[in-house]
Enquirer: 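I have a structure I would like to understand better, so I am pasting it below and will then ask my questions one at a time.
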Amino acid sequence: MLRDTRKDAAYFGKYIAEQQQRIDKFAGVLRALRGSEKPDAVKILQVTKILSGFQKDMILAEYSYGCSMALIKKSFSDYLKLIGNLDQLVWSDAIDILSLSIVLDIDCGAAIEDLVLPQDALISELCKQVRMPNTNADLLLFPEKEQVFLACLRGQASVEDLKNYVANEWYAANSDLAWYNAHLSAEDIYTGYWCFAGAAVAKISGFNKESFVGTGYFPYDLL
C-alpha cells in the first residue's frame, strides 16, 4: 500500500526499477575501480558518493511505495556499507542516518564512527542514542530546522509541539535542500518527503505513535 500519494504506484514502481539499474551500473564501476592495478582513490570516493546518494533515494522511494520493513532495512544496511567508505557526512545525511538507525534498530556506529560529522547539538544528542562517541556540540547549525527536535529530547517540548512542527513547518524549513519541490519536476526525481528525525525523536521521547496518525511528512509506521 502506498505511503505517499503525491505519485501513483506506477510511478514509484518504475522509479525503483530504474534506480536499481543505476545502482547496479555504478556498483560495477566501483568494483572495477577497486580491482584495478592502481586504484584511483579520488575516483573511488567520487563514485562511492554518487552510489550512496542513489541508495539513499532508493530507501525513500521504497518507503513511499509501501515496501516491507524487511526490504527497507536491507536497503539501509546496504547504504551503511557505502557510507563507511566516505570521509565525511553533510548535515542532512548525518541526521537521516542517525534517525533511521534509531527507528529501524540497526547499529550505524561501525559505519560512521570514523567519519567527520558536522558540529551540531542535535547530531550530538542522536549520537548518544546509538552509543557513538560525539563532539558534545552545544549549538544547532540550523536552529529553524532543529529546535523543536532538540527541545523534545531535552523534555522542553510536547508531542503536540513535534506534531505541529512536522505537519506545518518542517517542509518549508528545508526549502534549501535539493529534494524540495521535487514532486513538481518534469523529471522523475521524486522519492518522497519524510521527516525521519521526527520519528526518531518521537521514539526516543516515548511519545505514543497513535498521536502521529495522519500527520503529514511523518513516517508513522517506522515507530
Side-chain angles (χ1 to χ4, degrees), residues 1-4 12 16 19 23 51-86 89-115 117-118 120-136 145-146 148-155 157 159 162-163 165-166 170 191-223:
M1 185 174 116
L2 281 174
R3 297 184 178 99
D4 186 321
F12 283 115
I16 288 171
Q19 188 74 342
I23 288 172
L51 190 52
S52 66
F54 287 164
Q55 190 65 43
K56 182 179 180 182
D57 286 342
M58 179 66 97
I59 295 167
L60 285 158
E62 288 176 345
Y63 183 77
S64 295
Y65 191 36
C67 293
S68 68
M69 285 299 114
L71 180 58
I72 292 167
K73 287 183 176 183
K74 179 185 181 303
S75 293
F76 182 61
S77 295
D78 291 342
Y79 179 47
L80 289 179
K81 292 174 184 176
L82 291 166
I83 291 297
N85 293 294
L86 301 181
L89 292 176
V90 299
W91 174 85
S92 57
D93 285 343
I95 292 291
D96 284 344
I97 289 167
L98 289 163
S99 297
L100 283 166
S101 175
I102 290 165
V103 295
L104 295 176
D105 291 317
I106 294 177
D107 184 10
C108 69
I112 68 173
E113 62 185 354
D114 294 326
L115 306 186
L117 303 182
D120 176 76
L122 179 59
I123 287 176
S124 289
E125 288 293 332
L126 294 176
C127 281
K128 293 176 185 177
Q129 297 299 318
V130 297
R131 298 175 298 280
M132 207 187 100
N134 63 86
T135 57
N136 294 313
K145 300 182 184 185
E146 307 175 87
V148 171
F149 300 145
L150 188 63
C152 286
L153 293 177
R154 293 178 174 175
V159 62
L162 178 61
K163 180 178 178 178
Y165 172 71
V166 174
W170 173 78
T191 57
Y193 304 133
W194 298 108
C195 181
F196 296 127
V201 167
K203 181 174 181 178
I204 296 165
S205 301
F207 293 154
N208 187 338
K209 64 181 292 184
E210 301 304 321
S211 300
F212 299 96
V213 174
T215 301
Y217 310 116
F218 195 96
Y220 161 79
D221 58 356
L222 287 182
L223 294 180

Enquirer: To the nearest 0.5 angstrom, please state how far the CD atom of Gln55 sits from the CG atom of Leu60.
Expert: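 Reported value, rounded in 0.5 Å steps: 11.0 Å.
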
Enquirer: Is the shortest side-chain heavy-atom distance between Ile204 and Lys128 below 4.5 Å?
Expert: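 Answer no - side chains too far apart.
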
Enquirer: For the pair Met69 and Tyr63, evaluate side chain to side chain contact (heavy atoms under 4.5 Å, CB included) and give the outcome as yes or no after the intermediate values.
Expert: CA-CA 8 Å; Met69 285 299 114; Tyr63 183 77; 4.0 Å; yes

Enquirer: Work out which heavy atom in Phe76 is nearest to a heavy atom in Ser101; give both atom names and the distance.
Expert: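 Taking every non-hydrogen atom into account, CZ-N, 3.7 Å.
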
Enquirer: So do Leu98 and Ile112 actually touch side chain to side chain, heavy atoms under 4.5 Å?
Expert: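 Side chain of Ile112 against side chain of Leu98, heavy atoms only: contact under 4.5 Å found.
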
Enquirer: At what distance, to the nearest 0.5 angstrom, does CH2 of Trp91 lie from CG of Asp96?
Expert: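 Between Trp91 CH2 and Asp96 CG, I get 8.0 Å after rounding to 0.5 Å.
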
Enquirer: Nearest 0.5 Å please: distance from the NZ atom of Lys74 over to the CE atom of Met58.
Expert: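 Here the rounded value is 9.5 Å.
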
Enquirer: Could you please spell out the steps behind the side chain to side chain contact (heavy atoms under 4.5 Å, CB included) verdict for Gln19 and Thr191?
Expert: CA-CA 11 Å; Gln19 188 74 342; Thr191 57; over 6 Å; no

Enquirer: Measure the spacing between CG of Leu89 and CD1 of Ile83 and express it to the nearest 0.5 Å.
Expert: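 Rounded to the nearest 0.5 Å, the CG-CD1 separation comes out at 5.5 Å.
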
Enquirer: Atom OG in Ser75, atom CD1 in Ile16: separation rounded to 0.5 Å?
Expert: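 Rounded to the nearest 0.5 Å, the OG-CD1 separation comes out at 8.5 Å.
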
Enquirer: Please name the pair of heavy atoms, one in Ala94 and one in Ile123, separated by the smallest distance, quoted to 0.1 Å.
Expert: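 For Ala94 and Ile123, the tightest heavy-atom pair comes out as CB-CD1, 3.8 Å.
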
Enquirer: Are side-chain heavy atoms of Leu100 and Tyr79 found at a separation under 4.5 Å?
Expert: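 No, side chains not in contact.
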
Enquirer: Measure up the Phe212 and Phe207 rings against each other and bin them: parallel (under 30°), tilted (30 to 60°), perpendicular (over 60°).
Expert: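 The arrangement is tilted - the two ring planes meet at 30° to 60°.
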
Enquirer: Would you call the rings of Tyr165 and Phe149 parallel, tilted or perpendicular, where under 30° means parallel and over 60° means perpendicular?
Expert: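 Rings of Tyr165 and Phe149: perpendicular, as their planes differ by over 60°.
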
Enquirer: Do Cys127 and Leu117 make a side-chain contact, defined as non-hydrogen atoms from C-beta onward lying under 4.5 Å apart?
Expert: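 The answer is yes; the side chains approach within 4.5 Å.
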
Enquirer: Between Arg3 (side chain) and Cys67 (backbone), is there a donor-acceptor pair under 3.5 Å?
Expert: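 Here the side-chain-to-backbone pair exists.
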
Enquirer: For Asp107 and Leu80, which heavy atoms make the closest approach, and how far apart are they?
Expert: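 Where Asp107 meets Leu80 most closely, the heavy atoms are O-CD1, 3.9 Å.
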
Enquirer: Walk me through whether Tyr220 and Glu210 qualify under side chain to side chain contact (heavy atoms under 4.5 Å, CB included).
Expert: CA-CA 8 Å; Tyr220 161 79; Glu210 301 304 321; 3.2 Å; yes

Enquirer: Taking all heavy atoms of Ile23 and all of Leu51, pick out the closest pair and write down the distance.
Expert: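 Answer, listing the atom of Ile23 first, then Leu51: O-CD1, 3.6 Å.
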
Enquirer: Is the NZ atom of Lys209 crowded by more than 12 outside heavy atoms at less than 6.0 Å?
Expert: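 More than 12 heavy atoms, drawn from other residues, nucleotides or ligands, come within 6.0 Å of this atom.
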
Enquirer: Say you draw a straight line from CD of Glu125 to CG of Leu153; how long is it, rounded to the nearest 0.5 Å?
Expert: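 Taking CD in Glu125 and CG in Leu153, the distance rounds to 6.0 Å.
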
Enquirer: For Val148 versus Ala157, what's the shortest heavy-atom pair and its separation?
Expert: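 Nearest heavy atoms, Val148 then Ala157: O-CB, 4.3 Å.
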
Enquirer: Hey, mind stepping through Glu146 and Asp120 against side chain to side chain contact (heavy atoms under 4.5 Å, CB included) and telling me if it holds?
Expert: CA-CA 10 Å; Glu146 307 175 87; Asp120 176 76; 2.7 Å; yes

Enquirer: Write down the atom of Phe218, the atom of Ala199, and the distance for their closest heavy-atom approach.
Expert: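 Heavy atoms only, the tightest pair is CZ-CA, 3.7 Å.
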
